[in-house]
There are 2 protein chains.
Amino acid sequence: MDRAVARERALDAAEELFYGRGVQSVGMDDVRGASGVSLKRLYQLFPAKEQLVEAYLERRDARWRGRLAEYVERHGEPEERILAVFDWLGEWFGEPDFRGCAWINAYGELGATSARVAAQVRAHKRAFREYLDSLVGAAGLPAALGGQLFLLAEGAMVTAGVTRSAGSAAEAREAARLLLRAG
Amino acid sequence: MDRAVARERALDAAEELFYGRGVQSVGMDDVRGASGVSLKRLYQLFPAKEQLVEAYLERRDARWRGRLAEYVERHGEPEERILAVFDWLGEWFGEPDFRGCAWINAYGELGATSARVAAQVRAHKRAFREYLDSLVGAAGLPAALGGQLFLLAEGAMVTAGVTRSAGSAAEAREAARLLLRAG
DNA sequence: AGCGAGGGAGAACGAGCGTTCTCCCTTGGC
DNA sequence: GCCAAGGGAGAACGCTCGTTCTCCCTCGCT
C-alpha cells in the first residue's frame, strides 16, 4: 500500500472515530483496527497521536469550508447566499452521524491541554467568521452583521450538537433574516 | 473535619480544577491535593469520579443560574431584563478564570462516553432556554424570540471561550436588541 | 537463489490514573 | 487507661494506552 493511500485511510478512520467518539476515548490501536494501517506505519506517518489529531482537524477544516462554499455558490442573490449558510447548517445537522461541531468538541476536550489544537480551533473559527464577513460585505450590508450571524451559527451548531436535533438551524435562519432586514 | 465541610471543599477543588483544566486531565489525586480531603474520604463522598463530576456540574448549574437571575432581577423593564442577560454574560466572560461554558466543554469531553453527563448538559441548557422563554413571555414578545436569543447567547459563550475575549457578549446584545425591535 | 529493506502482527514497555488496601494515629466512650 | 471506630498518608493494584521493539514474512534486485 502506497504511503499516500495509507495516509488517507488512516485519516479516514481517525476522522470517523475521533469525531464520533471523541479524541481521548479512541486509541491508536482503534485507528489501526479501523484503517488497516499498522501501528508501525501510523507512527511513520504521524510521529505522535497529537499530530494525527492535527491532521484530522486540518483536513476536516478544508472539506467543511469547501462544502459550505460550494453550497453557497449555488445561490446568486447576495442575501440569499447569506441565508444559504443556515440552510446548509440544517442539512449538516440532519446527517445521521452528526455529533456537533468537531472543533468545539475538540476544544472542550483538548483546548486546555494542547496549545496546537486550541490554535487550530481558533483558526477554523476565524476563517468561518471571515467567510461570513465576506458574504456580508458582498451584500453591501453593515460590517457588524458578520459577527452577529457568526454568533447565530455557532449557537445553532452547539445547540444541534447537544440536543441532537436540527431545528436550531431554522431558528438561526429566521433570526438572520430579521437581522438582514433590521440592519 | 465535618462530612458536609469535606464535601464542600472537595467540590470547590473539583470545580476549580475541572473547569480550569478539563475533567480528564485532572486526577482524583489532584483533587485530594487541592482540597485537603483524603482519597478515602473522597471515595466515601463520591463513590466514583463520574459522580464527583456530576456533583460539580450540578452545583455549578444552581450557582450559575442563580447568579444570572439575581443580576436580571435588578432590572425592572421587561426588555431591559432580556438585555441584562447579555450584560451579565459580558461580565462573566471578563472574569480572569473564564474558560468558556463548563457544560459545552464537558459535553465535548464526555458527551460521547458518559450518558449521565450528557443528560446533565442537556438539562442545564434546557433550563437556560426556558428561563429566556420566561423573560420573553413576561415582556409579551413572540415566543419564537426565546430560541433566537438562546442561540445568540450560546454562540457568544462558545466564541468567548475559544477566542478568550469578551466582545461577543456586546455583539450578541446588539443583535438581541435588533431582534426585540424587529419581532 | 540469495539478500537486504520495508512492512505487518502483536508483544512489550512505561506512564498515568481510578480505585482499594495497609498501616498507623487519633479520639470519644466506658 | 483501654478499646473500637474512623480517618489520614500513601503504597499497591489493575487497567488503559501511547509508543517502541521483536520476529518474521515478502518482495524487488542482482
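Protein chains get the first letters and strands the later ones, always in sequence-line order, with residue 1 at the start of each.
- In terms of position along DNA chain C, the nucleotide closest to A:Gln44 lies nearer the 5' end than the nucleotide closest to the other residue of the pair A:Leu39 and A:Gln44.
- Listed for the B:Glu79 side chain is no donor-acceptor partner under 3.5 Å among the backbone atoms of B:Ala139.
- Distance alone, capped at 3.5 Å, places no donor-acceptor pair between the B:Gln24 side chain and the A:Gln24 backbone.
- Of the residues near DNA chain C, B:Met28 and A:Ser38, the one whose nearest nucleotide (by heavy atom distance) lies more toward the 5' end is A:Ser38.
- On the nucleic acid side, DNA chain D contacts chain B at distances under 4.0 Å to non-hydrogen atoms, with the end points of that region at D:dG7 to D:dG8.
- In this structure, OH of B:Tyr43 is placed 6 Å from P of C:dG18, rounded to the nearest angstrom.
- Using a distance-only test at 3.5 Å, with no hydrogens or angles considered, no donor-acceptor pair links the side chain of B:Glu171 to the main chain of A:Leu151.
- Among the candidates B:Glu50, B:Glu54, B:Glu58, the single residue satisfying the salt bridge (Lys or Arg N to Asp or Glu O under 4.0 Å) test with B:Arg116 is B:Glu54.
- Taking 4.5 Å as the limit, every side-chain heavy atom of B:Leu141 sits out of range of all side-chain heavy atoms of B:Leu135.
- Between the CG atom of B:Asp30 and the P atom of C:dC17 there is a distance of 7 Å, rounded to whole Å.
- The number of heavy-atom neighbours closer than 6.0 Å to CD of B:Glu77, taken from other residues, nucleotides and ligands shown, is 12 or below.
- At the heavy-atom level, A:Val26 lies under 4.0 Å from the strands shown only through sugar-phosphate atoms.
- Across every non-hydrogen atom of B:Asp133 and B:Ala143, the tightest pair is OD1-O, 4.4 Å.
- Note: CG (A:Asp29) to C1' (C:dA12) measures 13 Å, nearest angstrom.
- Separating the CZ atom of A:Arg41 from the P atom of C:dA5 is a distance of 18 Å, rounded to the nearest angstrom.
- Remark: B:Ala48, B:Lys49 in residues 48-58 of chain B come within less than 4.0 Å of DNA chain C through at least one heavy atom.
- The nearest pair of heavy atoms linking A:Lys125 to A:Met157 is NZ-SD, 3.8 Å.
- With axes fitted over five pairs at each extremity, the angle between the ends of the helix from C:dA1-D:dT30 to C:dC30-D:dG1 is 20° (10° resolution).
- A perpendicular orientation is assigned to the rings of A:Trp103 and A:Trp64, their planes being inclined by more than 60° (bins at 30° and 60°).
- A:Leu11 has its side chain out of reach of A:Leu45: every pair of non-hydrogen atoms, C-beta onward, lies at least 4.5 Å apart.
- Note that A:Arg60 lies in the cation-pi zone of A:Tyr19, set by a 6.0 Å cut-off to the ring centre and a 45° limit from the axis.
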